[in-house]
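Read through the structure below, which is laid out as structure tokens, and then see the notes.
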Amino acid sequence: MKQVLTIFTGCLLTIFSMAQQQTNLVFFSEQGEQFLVVLNGVQQNFNPQTNVKVTNLIQPYYKVKIRFVDGRTPDIDKTINFNAGTETTFIVKKTKKENYVLRWLSEVPIMQAPQNVANQNIVVFSTMPPVDPALNGTVNNTTTTVVHSETNAPSQQSGNVSMGVNINDPELGVNMNINVNASETGMHTQNNTTTYSQTQTTTTYSTGSTGGQIQRPGVNGYTGTVGCAWPMDATSFSNAYASIQSKDFEDSKLTIAKQVIKNNCLSSDQVKQIMLLFDFESTRLELAKFAYGYTYDIGNYYLLNDAFDFESSIDELNSYIEGYQR
């Protein structure tokens with residue numbers, strides 16, 4: 001009987017140990033600055049946020065980059081480590097020397113972590129760049145299952161005791177069924193099977209009009225350096241453009257333009273189109289500088305030069321770009 005309990009307990013401990021291996025990381029800014037989280041070189045959240053939780057992490061170390069979107073603040077680069085099976089929180093804060101740093105704040109067992117936090121963006125860790133959540137997509141799951149079975153020879157003893165357990169956790173991809181028959185002095189195991197399922201998810205997005213390809217003005221086929229996640233689609237940009245164009249005064253247009261740019265990612269061509277809505281050279285230059293930190297295809301930023309009337313504006317923008325720190 002002791003042998004039965006030992007095996008039964010060992011199986012449970014194995015499952016609980018597996019459940020504790022996944023880890024969550026939380027990043028939030030003390031003063032409400034918006035940022036993107038990059039783990040091991042892969043951006044995790046699509047839109048800039050002030051509080052980001054990344055779930056389903058399995059490594060003990062990650063290279064973290066906190067990328068600010070204000071166009072002025074340098075990135076934070078840091079290697080962090082944490083305990084498995086926990087939710088570890090880091091704070092983005094400004095020091096007395098006006099530098100931004102990433103500091104460890106707290107750690108709790110993952111089962112005790114709060115589930116609903118206001119204004120928190122929750123993303124599942126991915127090794128692929130994020131896709132615009134506004135797109136209408138369908139998800140197809142493909143599951144590969146590896147099964148290990150072990151059956152022991154039946155005992156000749158009588159006086160059997162039955163015990164069974166069924167553990168199913170879809171999130172971990174674990175399904176375990178254990179059926180045990182044991183005698184007081186011996187043991188017979190029937191169909192002792194442990195099944196581990198590893199699921200690979202493929203997401204397909206469709207727009208219904210372009211054969212599944214999202215058309216982004218000025219960036220299709222672009223393979224150079226990128227400055228943000230993915231530029232606005234044609235419809236969203238058209239609406240934003242019309243909103244800016246509807247204002248009569250230069251200052252009002254600039255205010256709305258900055259609001260649009262700050263909360264989105266644009267292509268160089270889209271920035272140029274917005275610049276041409278302004279009459280004054282100084283305003284166009286101010287907008288071009290502001291938008292650089294929110295532009296996808298920064299390798300095409302030279303396209304903005306055509307929106308200037310004076311060479312001095314082009315030189316000033318180039319100087320700004322050369323001194324810009326991402």
Contact list for residues 305-314, test salt bridge (Lys or Arg N to Asp or Glu O under 4.0 Å), sequence neighbours left out: K272-D306
Who pairs with D251 by salt bridge (charged side-chain N to carboxylate O under 4.0 Å, His left out), at least two apart in sequence or on another chain? none
Apply side chain to side chain contact (heavy atoms under 4.5 Å, CB included) to the pair Q49 and F35, showing each step before the final yes or no. CA-CA 5 Å; Q49 304 288 339; F35 57 86; 5.8 Å; no
Salt bridge (charged side-chain N to carboxylate O under 4.0 Å, His left out), that's the test. Do R103 and E30 meet it? Break it down for me. CA-CA 11 Å; R103 296 276 172 81; E30 186 176 46; over 6 Å; no
Plane angle bin for W230 and Y296 - parallel if under 30°, tilted between 30 and 60°, otherwise perpendicular: perpendicular
Taking 4.0 angstrom as the limit, do K53 and E87 come out as a salt bridge? yes
Can any side-chain N or O of Q115 pair as donor or acceptor with the backbone N or O of A113 at less than 3.5 Å? yes
I'd like to check the side-chain contact (heavy atoms from CB on, under 4.5 Å) partners of T235; sequence neighbours left out, ordered by chain and number. D233, N239
E250 bridged to R284 by N-O distance under 4.0 Å: no
Assess whether atom CG of N119 is packed by more than 12 heavy atoms of other residues, nucleotides or ligands within 6.0 Å. no
Between E322 and N318, is there a side-chain donor-acceptor contact under 3.5 Å, judged purely by atom types and distance? no
Just wondering, are more than 12 heavy atoms of other shown residues or ligands nearer than 6.0 Å to NZ in K247? no
